[in-house]
There are 2 protein chains.
Amino acid sequence: MLNSGDSGVRTSDIERVKGLPLFADAAPETLRVATAGAHLQRFPANTMLLLEGDPVDFLYVLLDGQVELHGTWNDRETTLAILRPVSTFILAAVVLDAEALMSARTLDRCEILMIPGDAIRTAMRLDPRFAMAVSRDLAGCYRGLVRNIKNHKLRNSTERLANYLLQLRAADNSGGVVRLHHEKRILASLLGMTPENLSRAFAALQRHGVSVHGAVVTLGNISALEALAKPDPLIDNHAPRVGDIIADADAEIWSSEWYKTTGQAGETSKRHG
Amino acid sequence: MLNSGDSGVRTSDIERVKGLPLFADAAPETLRVATAGAHLQRFPANTMLLLEGDPVDFLYVLLDGQVELHGTWNDRETTLAILRPVSTFILAAVVLDAEALMSARTLDRCEILMIPGDAIRTAMRLDPRFAMAVSRDLAGCYRGLVRNIKNHKLRNSTERLANYLLQLRAADNSGGVVRLHHEKRILASLLGMTPENLSRAFAALQRHGVSVHGAVVTLGNISALEALAKPDPLIDNHAPRVGDIIADADAEIWSSEWYKTTGQAGETSKRHG
DNA sequence: CAAAGGGTTTGATGTGGATCAAGCTACCGC
DNA sequence: GCGGTAGCTTGATCCACATCAAACCCTTTG
């Protein structure tokens, strides 16, 4: 049961979980069932939470710290996403009771609520509103990845960086000064380039008014930067981030999808979001 | 109502739709409601079904022909998926009642069943089993895209082609001779390269026993090809394709998820499937 | 305070893949 | 059968990005 006392879960944490779009609409009873057996756990920085290929037994809810999701192949590694609180991750694997396709590693000290996968699947069966919320959440994730792929296949590295900076500005509602949330090395991997090349991409953006001092990036000429970046609502989600929870009920709603993939690497199966 | 007579929907088509994992588990009543107002439509080759940015009013079920999903930006274009029957597409947008992130175009003459989005959303609210099926379907799509991104960020073009061929072999259960399902020009875009480069990649695979004659590709030395391709169950889904429907209930289940994306291009929102 | 070490930057060089430009081949309609 | 057109291939060249190497900087630690 998810209440203060058990497993060290604090009432304030419960409130934060309830604030997630995934749980906001669920019946109170469902929330109780779904979180029965949940426990809060603390991890040091640089800890592997999950290795790709592992069976996934829990839905993870990141309450504090940062988590990196990455994939590896043939001694190469790439960052697929970096999560900040409050975020859930690994929902798709939980729904399908399948093994993880990506590894998860803490970047900082982290506080994570772990909800048993069985409980989630049971809750979905009992509460259509919750099942609907899961669908909406997954649909949003799916669309996020579509954006990601378009970003990578259609833009070069400098364009990706420029759009990343503009998106950061929109998310944090910062004027012309933006703070990078992660090490440049990780940012490079997320943007699909080497650290060396990220440096050079920043250098290339100087002529568009961008200057860098450590993690602080000053966008001195937004319109010049936008002229280069050509941000597009069908690739870049400029939903503002409000407070510590997600933007809106669903950032995808804020802006505005699809379903099913044959051929290409993934799914031989025939569904396309 | 979905029955022969109305809108030219044939009973045999209904059977094929019922065979989809998405509908297989739904209550009969739900199927009726969900398909009320559905209509079957025929399109010539090379017809735009949907333009990215358009509101999505229907769930599409491809019954015959091939459909290409693609994205554009700044005069560049890339193929994101190629669908073959029986496939649904655009489910994520339907669930969120959002605009399309990709365009859909027929490659051949196509036969498509169009189910109103309202009906799908209503059905989800009323039938938890159906909502569950939608979640599972979206989770599978999500995982397909994760595989896709890993494929693109971790492999070079020759490696992608080699794995594509091996996957085709597994899907069609063909021995050493594989038939390409689409024009090479489209395949190139799907694999993230130019047609010129696809030719060269095929040439490079000659030394690994691959020979090409039009759409017929002979894999003369599987182990040599595998040594180069290094297929990985966490990237390549080698689920066999059975009959005209999907592999299993869910190709992702056959082999084996996650939820929420911060940072990077897409989702400012915080969920990672 | 000095040494050590990790992250970042800068430069030199190599390579995968894009682009440009012909040719080639196969299908189609007259 | 012939000419046209579209897709595919091949070659030459160029450019984006990776790699290798070294210097730099900033933080940590004895």
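Keep in mind it's a predicted model, so treat the numbers as computed, not measured. Just so it is clear: chains get the letters A, B, ... in the order the sequence lines come, proteins before strands, and each one is counted from 1.
- Scanning atom types as modelled, one donor and one acceptor separated by under 3.5 angstrom connect the side chain of A:E196 and the base of D:dC20.
- The C1' atoms of five pairs define one axis at each end of the helix from C:dC1-D:dG30 to C:dC30-D:dG1, and these two axes lie 30° apart (to 10°).
- A close approach under 4.0 Å does not occur between any side-chain nitrogen or oxygen of A:T194 and OP1 or OP2 of D:dC17.
- Ion pairing of B:R155 with B:D236 is present here, as a side-chain N (NZ or NE/NH1/NH2) and a carboxylate O approach within less than 4.0 Å.
- Between the base of C:dG16 and the side chain of B:R200 there is no donor-acceptor pair shorter than 3.5 Å.
- Straight-line distance from the CD atom of B:E159 to the P atom of C:dG16: 11 Å, rounded to whole Å.
- Here C:dT10 presents its P atom at 12 Å from CG of A:L198, a figure rounded to the nearest Å.
- Across the protein-nucleic acid pair, B:L107 atom CG and D:dG7 atom C1' stand 15 Å apart, rounded to whole Å.
- Comparing atom distances between the B:K184 side chain and each of D:dT9, C:dA18, D:dA16 picks out D:dT9 as nearest.
- When only modelled atom types and interatomic distance are considered, A:E77 and A:S189 share no side-chain donor-acceptor pair under 3.5 Å.
- Note on A:S157: a side-chain N or O is less than 4.0 Å away from OP1 or OP2 of D:dC17.
- Although no hydrogens or angles enter the test, the distance criterion places no donor-acceptor pair under 3.5 Å between the side chain of B:T47 and the main chain of B:T106.
- Of the charged side-chain nitrogens involved, none lies within less than 4.0 Å of a carboxylate oxygen, so that B:E111 and B:R16 do not count as a salt-bridged pair.
- Using a 4.0 Å heavy-atom criterion, one finds that B:E183 contacts the sugar-phosphate atoms exclusively.
- OP1 or OP2 of C:dA18 has at least one side-chain nitrogen or oxygen of B:N197 nearer than 4.0 Å.
- As rounded to whole Å, 15 Å separates atom C1' of D:dT19 from atom CG of B:N156.
- Within the structure, every side-chain polar atom (N or O) of A:S199 is placed at least 4.0 Å from both OP1 and OP2 of C:dT10.
- Salt-bridge formation is detected for the pair A:R76/B:E159: a Lys NZ or Arg NE/NH1/NH2 atom is positioned less than 4.0 Å from an Asp or Glu carboxylate oxygen.
- Atom CG of A:D75 and atom P of D:dT19 are 12 Å apart (whole Å).
- Rounded to an integer number of Å, the gap from CG of A:L154 to P of C:dA18 is 13 Å.
- Between the side chain of B:K150 and the main chain of B:L234, a donor-acceptor pair closer than 3.5 Å is present.
- Taking atom CG of B:L161 as the reference point, atom C1' of C:dG16 lies 15 Å away to the nearest angstrom.
- In this structure, A:R155 atom CZ and C:dA18 atom P are separated by 18 Å, rounded to whole Å.
- By the 30° and 60° cut-offs, the orientation of the rings of A:H182 relative to A:Y164 is tilted.
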